[in-house]
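Step one of this worksheet: look at the structure below.
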Amino acid sequence: MVTRPPTTRECVVGRGADGRIALREQAEDGITLRSHEVDPQDWPQRAREIEDAVGPRWVLPDAATWCPALLDAGVVLARCHDLRLAHRILARSVLVRDARALREASAWETPEETAAQDPQRGTALFELDAAGRTGGVPQQIAEVLAEHARQQEAVAQSAEPSRLRLLLAAESAGALVAAEMHAAGIPWDVAEHDRLLTESLGPRPRRDQVPARMAEVGAAVRAALEDPILSLDSPPRVLRALRRGGIDVSSTSQWELAEHDHPAIPPLLEYKKMARLLTANGWHWLDQWVHEGRYRPVYVPGGVVTGRWASSGGGALQIPRRLRPALRADPGWRLVSADVSQLEPRVLAAMSGDRAMAAAGAGQDLYSGIVEAGIVATRQEAKVGVLGALYGGTTGDSARVVPRLRERFPRAMRLVDDAAAEGERGGIVSTWLGRSSPPPEEAWSTAQRSSNLPDAGQAEQERARRSARDRGRFTRNFVVQGTAAEWALSWMAALRLALAGFPAVPESEAATPSGPAFAPRAHLAYFLHDEVIVHAPASQAEAAAAAVREAADGAGRLLFPGSPVDFPLDLQITERQAEK
DNA sequence: TACGACGGCGCG
DNA sequence: AAAGCGCGCCGTCGTA
C-alpha cells in the first residue's frame, strides 16, 4: 500500500493584506496544503505557473472579475468554481436541504446581472466599491474560504450532490467561456456591415441625419397618408394618422398592418424595418461595439432565471440574421458554425424518458419524425404543436395538436403538464441538474389566497386564475428551457477544453491576434442558446468541427446517460456566415 | 431634466 | 401570421 502525498486539487483565490492576492492551495479533502500571497503585478505569472504545474480547479469569487486581467496577460484557466454564480444556484435550489447558511451570507446575494460595460473601459483587476468589494461580491480571502465551505457543505448534504456538482461545474465553465469570448471577440467585417447598411438605407448620413433611402420611404408614407409632417417614430401618432386615413388598426405592429391593403402600408412596413436596422445595428452600433475587426459583446452567464445567458450591452443575443454575412473569419481562417436541431424538445424527450418522442427524433428532424409517425399531417403542425407543449399554447393550431401529442408522448407531456400544475399552485420546479425556479412573489400568493375567500368577486377570481395560468406557463417552460441551457453549457464546456488542447498554429497562419489569450488556435467566438461558432485556422477547421460534434455527443451522455435521445447538429465550415 | 412604462421588434 | 416561453434595446411619452 503506497500512500501518496496529497496533491493540490483546488486553488482558492481572494484578496489578502495590503492589496496583495491571497492563494490557498487545497487537497481533495479541503486540507490546506499551502497558503501564500503575491503582489498583483506577479499574479498572472504565478497563476500561469500553478495552472501549468497543477491544473487545479480555481475557486474564484467571481470569474467575471478575475478573468479579464488574466486573459490580458495570456493566462487561461482550465477549470474554475465561480462562487457568485454557484451561490445563486445553491441558495434557492430545492435539492439543497438546508440553505439557511447560504442565504444568511447576504453579501453573496448579488443582483441578477452586471451593468452594461463600456467597451472602451479598461480591465483593471480591482475597482473596490465602498464595501471593499469588487463586482458586487466579497473578495477577502477569509470570506471567500468561508463561502466556499458553505457551498461544499450545501452540496454534500443535498439530495443530489452529483447533479449539483455537474451544474456548478457547467455554470462555472460558462463563466470562463464568457470571459474568453469577450476577450477574443467575434471577427466582424465592418466593410460588409457598412455595405449592407448602405444597400438598405442609403449611404451613411451626417450625424443625426436620416439616411437617404429611409427619408424617401418615409416621404412616401406621409404622402400616402396626406400628413406631410407626421413623425413615423411615434406609434401613437402613426396610429392616429392611419385611422384618419381610413385604415382600421388597433396598433402599428407589422403583423396587423400587413393585413390591410392601403398605399401607405408597404412603405410604412419598409420604413419600420429600416428604422429598426438603423437604431439597433446601424453605424452608431458599429462605432461603439466593433473595434479592430472584433465585435465584443458582454455576455452575462446565468443572467436569465432559467440559466440561459443574457447579455448586457451590444445586443449579443439579437444579431439580426440579415447581418450574419458581416460575421467573417480572418484571412486563412474559417468559421465553424453549429446549431442543435430542436434542442428543447429533445431535452424534454430525454429528461422524461419518453421513448416514442426519442424515436421520432432519432437521426432526423424531430418534426418530420412526428409526421412520419402519423401523429400530425404536416411538419408545420408538428412544430406548432411541440412549441405549444413547451410554452403552454392554448389557442389555434397548438390547442388542436397538443392533445394528440399528449396521447402519443404521454411521458413527455406529463412532465411539462406537471411542471405547469406545480407553478399554478405556487410551487417551485427544477431543472434536470437542480436549478430551481424562483418562488412566487408575495403579492402573487396573497392574490391567490384572497381570491379563494368566499367574498372574492368574479373579476378578482378571474384575474387570479389568469395569473396562476401565467405562472404555470412559466414553470412549464422553465424545466425545459433550463435543462436545455444545462445541455448547452455542458456542450460548450467540453468543446472549450478540447479546443484548448489544439496546437498553436505557426505565425504565418495567425493573421490577427485571436482566441483566448490570443493564442493562434481554434477558439469559441460566439454562443446563442443552442448555437456556437468556432473561429479556427483553416488547417484546424475540420478538427474543430469534429470537436464540436464530439462535445455535443458528450453533453448528451453526461446529462442523460443511457438515453436514446440524440442531439444532431447542423454544422457548416465557411469563411463567412450565411444569411440563413 | 431624469426615469420608468410601454410599444415594437430583433434573437433563441 | 401569431400563438404559448425566455430575453435586450430603441424610441416615445407621461410623470416626478
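Chain letters run A, B, ... following the sequence lines, proteins first, then strands; residues in each count from 1.
- In the set B:dG8, B:dG12, C:dG6, B:dG8 carries the atom at the smallest distance from any side-chain atom of A:Lys272.
- Backbone-only contact: A:Gln254 has heavy atoms under 4.0 Å from sugar-phosphate atoms and none from a base.
- Among the protein residues, A:Leu390 comes within range of no part of the nucleic acid, since none of its heavy atoms lies under 4.0 Å from any strand.
- Here A:Lys273 reaches the OP1 or OP2 of B:dG10: one of its side-chain N or O atoms lies under 4.0 Å away.
- Judged by closest nucleotide on DNA chain C, A:Asp470 is the one of A:Asp470 and A:Leu317 placed further toward the 5' end.
- Distance CH2 (A:Trp255) to C1' (B:dG8): 7 Å, rounded to an integer number of Å.
- A:Ser231 comes within contact range of no nucleotide atom at all, as no heavy-atom separation falls under 4.0 Å.
- For the pair A:Glu531 and A:Arg324, the salt-bridge criterion is met [side-chain N within less than 4.0 Å of a carboxylate O].
- The CD-P distance, from A:Glu256 to C:dA3, rounds to 11 Å in whole Å.
- When all heavy atoms of A:Leu164 and A:Leu433 are compared, the closest pair comes out as CD2-O, 3.7 Å.
- Figure legend. C:dG4 is base-paired to no nucleotide; pairs are counted as Watson-Crick or G-U wobble with both atom distances under 3.5 Å.
- Nucleotide C:dG4 carries a syn base; the chi torsion (O4'-C1'-N9-C4 or O4'-C1'-N1-C2) is within 90° of 0.
- In this structure, A:Leu278 atom CG and C:dC9 atom P are separated by 17 Å, rounded to whole Å.
- The distance between atom NZ of A:Lys383 and atom P of C:dA3, rounded to the nearest whole Å, is 15 Å.
- For the pair A:Arg308 and B:dC11, the criterion of a side-chain N or O lying under 4.0 Å from OP1 or OP2 is not met.
- The ring of A:Trp285 has its center closer than 6.0 angstrom to the ring center of A:Tyr295.
- Side-chain contact check for A:Thr394 and A:Arg469: no donor-acceptor pair (N or O, by modelled atom type) lies under 3.5 Å.
- Across the protein-nucleic acid pair, A:Gln288 atom CD and C:dC10 atom C1' stand 12 Å apart, rounded to whole Å.
- Straight-line distance from the CH2 atom of A:Trp285 to the P atom of C:dG11: 15 Å, rounded to whole Å.
- Across all their heavy atoms, A:Pro301 and A:Ala175 have their closest contact at CG-CA, 4.0 Å.
- Listed candidates were B:dC11, C:dC7, C:dG11. Nearest to the side chain of A:Thr279 is C:dG11.
- A distance-only check finds no donor-acceptor pair linking the side chain of A:Thr252 to the backbone of A:Pro235 [under 3.5 Å].
- The distance between the ring centers of A:Phe560 and A:Trp432 falls below 6.0 angstrom.
- Defined by atom type and a distance below 3.5 Å, a donor-acceptor pair is missing between the side-chain atoms of A:Thr475 and A:Glu422.
- Checking C:dC7, B:dC9, C:dG8 against the side-chain heavy atoms of A:Gln318 singles out C:dG8 as nearest.
- Screening residues 376-392 of chain A for side-chain hydrogen bond (donor to acceptor under 3.5 Å, both in side chains) gives A:Asp365-A:Arg379 as the qualifying pairs, with residues at least two apart or on separate chains.
- A salt bridge links A:Arg204 and A:Asp287; the closest N-O separation between the charged side-chain nitrogens and carboxylate oxygens is under 4.0 Å.
- Closest to the side chain of A:Phe474, from the set C:dC5, B:dC9, C:dG4, is C:dC5.
- Less than 4.0 Å separates DNA chain C from at least one heavy atom of each of the following residues of residues 476-487 of chain A: A:Asn477, A:Gln481.
- Atom pair A:Tyr299:OH and C:dC7:C1' shows a separation of 15 Å (rounding to whole Å applied).
- Residue A:Ile319 is classed as a sugar-phosphate contact, given heavy-atom separations below 4.0 Å to backbone atoms only.
- Contacts of residues 233-243 of chain A with DNA chain C (heavy atom under 4.0 Å): A:Asp233, A:Ser234, A:Arg237.
- Not a single donor-acceptor contact under 3.5 angstrom links the side-chain atoms of A:Arg473 to the base of C:dC5.
- When the P atom of B:dG7 is taken as reference, atom CG of A:Leu268 falls 18 Å away, rounded to whole Å.
- A salt bridge does not link A:Glu256 with A:Lys272: every distance from a Lys NZ or Arg NE/NH1/NH2 to an Asp or Glu carboxylate oxygen is 4.0 Å or more.
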